[in-house]
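Below is one structure, written out as structure tokens, with a few remarks after it.
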Amino acid sequence: ESDNRTLDFFVGKNYFELYPDEDHKLIFQEVLEQGEAYVYFETAFGFAGHPDRGATYWDWSLTPVKDEEGNVIGLILSMLNVTERRRAQDALKRSQQNYESLVNSIDGIVWEADAQTLAYTFVSKQAERLLGYPIERWLKDPAFYYESLHADDRFAAMAFRATAPVENRNQQHEYRMLNAGGELVWLNDLVTVVTEEGVPIKLRGVTVDITKQKQAEEALRNEIVERRRAQEALRRERDFAENLIQTAQMIVLVLDEEGRIIRYNPYMEEISGYRLEEVRGKDWSTTFLPKRDREWPRAEFWSATEGIQTRGDIHTIVTEDGREREIEWYDKILKDQDGNIIGVLATGQDVTERKQAEVQAEALAHAATALKSLDLEEVLDRILEQTQRVIPYKAAMILMVEGGRLYVARHHGLDEIPEVYDSLDTDFLFEAFSILKKMETSLLVSDAAERHGWNNIPGFDWVRSYAAVPLPIGE
């Protein structure tokens with residue numbers, strides 16, 4: 001049947017004429033000579049008349065037939081076609097090879113362990129590549145897994161493996177292990193419980209190296225921490241700068257690239273009388289500068305935006321109530337991250353009093369120069385003239401003390417000097433004399449009505465405020 005022939009066809013035929021095979025012929029001859037049976041498994045056999053069938057596989061035995069004297073008088077050939085079994089075995093072998101190839105190609109350790117003892121029964125070759133330990137140690141050393149775990153993770157990792165069969169559900173767990181070189185490796189176990197009739201019998205898992213992921217996570221955490229520290233430092237720096245701006249006793253001004261007001265500090269509000277909300281977005285020059293000065297500061301502003309900075313230039317601003325204040329300016333251009341100019345930061349110091357003091361000093365210098373060439377009356381007149389330049393007044397006089405007597409030596413603005421000093425009582429004259437002798441600094445009375453003296457002197461009821469400065473002569 002295997003050769004598509006009937007039994008009658010084979011009777012009387014020579015086996016080797018039908019199926020020539022020199023190896024088989026030698027085996028037949030050996031059995032005839034030695035009288036010992038021969039058994040062979042999965043022998044390849046080809047049908048010469050049917051090459052399309054390919055190779056077939058047979059289990060066959062050759063048994064000698066002997067006479068009463070033990071002589072071999074024939075052979076019994078028994079053959080069993082095991083082609084399908086062989087092909088199934090080959091297919092299984094190929095499947096196993098493919099499975100092993102697949103398992104070993106996974107970027108992780110594929111393993112299997114007994115659900116009760118937790119002893120490994122299979123470990124893929126990736127174990128050696130990832131951790132450096134030979135497979136034999138995984139399979140034969142019961143303490144290997146425990147001893148290789150990081151000391152801080154041993155309890156949790158062993159508890160995870162032990163509870164997996166009890167809970168009978170798929171789980172995962174991250175832990176640390178030391179490789180063969182003593183280096184720390186982060187691993188993630190993905191475990192499946194295999195059961196038979198509801199009873200856990202095996203644990204199957206894939207252990208993946210997640211060291212790079214953990215390092216990336218740690219780097220990210222560190223980056224976040226550093227970013228937060230930098231943000232906190234920036235916030236503190238910003239708060240510090242803001243506090244300085246808010247409390248600084250100098251003008252801090254920010255203008256945009258067109259010279260419009262973006263912000264200024266409370267000191268500028270105090271100096272100018274304008275709240276920031278009233279002038280934000282307005283042109284600086286037309287809002288705060290006197291008309292006579294608007295073109296020159298505007299040119300300086302554009303110079304600043306071109307990188308030419310102002311250092312100590314003094315310009316006038318006009319306050320809300322029309323007063324003029326002299327401001328000494330310093331500025332710096334502001335740029336965005338691309339280097340484009342977005343405005344100007346300027347700081348200014350109110351030097352109005354300082355400039356007035358300089359004028360006063362100049363006036364006094366002129367007066368001192370006059371002392372060298374003029375007589376006393378001319379000197380006193382020069383003093384009154386220079387005083388008028390510094391402090392505009394309605395009337396001024398220079399009082400002299402001589403021989404215990406107080407009298408008006410020179411005056412400006414009074415057409416007549418009332419004869420009031422002769423009527424002063426002795427106590428008042430003595431008190432005024434004593435005060436004048438002790439004066440070392442100037443005296444300013446902003447409201448004469450609150451100060452005893454002027455409102456009681458006939459002819460001086462028009463005086464509302466006055467200032468006095470001592471003029472020592474000689475010692």
Side-chain angles (χ1 to χ4, degrees), residues 226-362 390 444 446:
E226 289 302 318
R227 187 182 301 137
R228 287 176 178 172
R229 288 177 180 170
Q231 290 173 345
E232 178 61 21
L234 182 62
R235 184 192 63 77
R236 291 196 299 268
E237 182 178 337
R238 184 178 62 248
D239 291 347
F240 177 73
E242 185 64 24
N243 289 334
L244 283 181
I245 292 173
Q246 294 298 318
T247 59
Q249 293 301 295
M250 65 186 310
I251 297 171
V252 180
L253 169 68
V254 180
L255 306 178
D256 68 13
E257 69 276 13
E258 297 296 330
R260 294 183 294 259
I261 300 167
I262 296 178
R263 66 169 297 184
Y264 53 64
N265 63 339
Y267 184 77
M268 177 60 181
E269 291 184 330
E270 179 183 342
I271 291 292
S272 68
Y274 289 102
R275 291 181 298 106
L276 176 60
E277 289 73 15
E278 298 178 71
V279 296
R280 192 193 303 271
K282 293 184 178 181
D283 182 79
W284 164 258
S285 297
T286 57
T287 304
F288 282 102
L289 302 185
K291 291 183 179 180
R292 65 180 184 275
D293 293 340
R294 287 176 184 173
E295 290 305 317
W296 174 250
R298 186 182 295 273
E300 285 198 349
F301 170 78
W302 288 112
S303 295
T305 60
E306 294 174 0
I308 305 173
Q309 296 178 313
T310 300
R311 288 288 184 268
D313 291 353
I314 297 175
H315 297 291
T316 303
I317 67 170
V318 180
T319 65
E320 184 184 31
D321 58 8
R323 292 180 296 113
E324 293 189 356
R325 307 295 296 182
E326 299 293 321
I327 309 298
E328 184 177 52
W329 293 103
Y330 296 83
D331 60 48
K332 178 180 178 60
I333 59 175
L334 300 176
K335 298 181 179 180
D336 61 18
Q337 60 183 8
D338 297 324
N340 301 314
I341 295 175
I342 59 174
V344 173
L345 169 66
T347 59
Q349 187 66 51
D350 186 354
V351 295
T352 305
E353 283 71 22
R354 190 186 79 188
K355 296 296 290 183
Q356 291 176 348
E358 291 174 355
V359 173
Q360 293 174 5
E362 181 183 358
V390 177
L444 174 63
S446 58

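- Thr287 meets the side-chain contact (heavy atoms from CB on, under 4.5 Å) test with Val279, Lys282; sequence neighbours excluded.
- Looking only at side-chain heavy atoms (C-beta outward), Ile317 and Ile271 come within less than 4.5 Å of each other.
- The pair Glu258-Arg260 does not meet the salt-bridge criterion, since no charged nitrogen lies less than 4.0 angstrom from a carboxylate oxygen.
- For Glu269, there are no salt bridge (charged side-chain N to carboxylate O under 4.0 Å, His left out) partners two or more places apart in sequence or in a different chain.
- Applying the side chain to side chain donor-acceptor pair (under 3.5 Å) rule to Arg235 yields the partners Glu232, Asp239; only residues at least two apart in sequence or on another chain are considered.
- Residues Gly273 and Glu278 approach most closely at O-OE2, 4.4 Å, considering heavy atoms.
- Residues forming a side-chain contact (heavy atoms from CB on, under 4.5 Å) with Ala241 (at least two apart in sequence, or on another chain): none.
- For the side-chain contact (heavy atoms from CB on, under 4.5 Å) test, no residue two or more places apart in sequence or in another chain qualifies with Asn243.
- Taken to the nearest 0.5 Å, the CD atom of Gln349 stands 8.5 Å off from the CZ atom of Arg354.
- Between the CD1 atom in Ile245 and the CG atom in Leu345 there is a gap of 7.5 Å [rounded to 0.5 Å].
- Residue pairs meeting the salt bridge (Lys or Arg N to Asp or Glu O under 4.0 Å) criterion with at least one member in residues 240-251, sequence neighbours excluded: Glu242-Arg263.
- Here the CG atom belonging to Asp313 is positioned 9.0 Å from the OH atom belonging to Tyr330, to the nearest 0.5 angstrom.
- Within 6.0 Å of the CD atom in Glu237, the count of heavy atoms belonging to other residues, nucleotides or ligands does not exceed 12.
- Applying the salt bridge (charged side-chain N to carboxylate O under 4.0 Å, His left out) criterion to Arg238, with sequence neighbours excluded, gives no partner residue.
- A donor-acceptor pair under 3.5 Å is absent between the side-chain atoms of Asn265 and the main chain of Leu244, judged by distance alone.
- Tested against Asp256, the residues Ile262, Ile261, Ile342 include a single side-chain contact (heavy atoms from CB on, under 4.5 Å) partner, Ile262.
- A distance of 9.5 Å separates OG1 of Thr319 from CE of Met268, quoted to the nearest 0.5 Å.
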Side chain to side chain contact (heavy atoms under 4.5 Å, CB included) between Lys355 and Ile314, intermediate numbers included: CA-CA 10 Å; Lys355 296 296 290 183; Ile314 297 175; 4.3 Å; yes
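- When the salt bridge (charged side-chain N to carboxylate O under 4.0 Å, His left out) test is applied to Arg229, the partners found at least two apart in sequence or on another chain are Glu226.
- Interatomic distance, Ser285 OG to Lys291 NZ, rounded to the nearest 0.5 Å: 14.0 Å.
- Sorted by first and then second residue, the pairs that involve residues 335-348 and meet side-chain hydrogen bond (donor to acceptor under 3.5 Å, both in side chains), not counting sequence neighbours, are Asp336-Asn340.
- Atom CD in Glu270 sits 10.0 Å away from atom CG in Asp350 (nearest 0.5 Å).
- The salt bridge (charged side-chain N to carboxylate O under 4.0 Å, His left out) test applied to Glu353 returns Arg325, not counting sequence neighbours.
- Checked against side-chain contact (heavy atoms from CB on, under 4.5 Å), Pro290 has the following partners two or more places apart in sequence or in another chain: Arg292, Asp293, Thr316, Val318, Glu324.
- With sequence neighbours left out, the ring pair (Phe, Tyr, Trp, His ring centres under 6.0 Å) criterion links Phe288 to Tyr274, Trp284.
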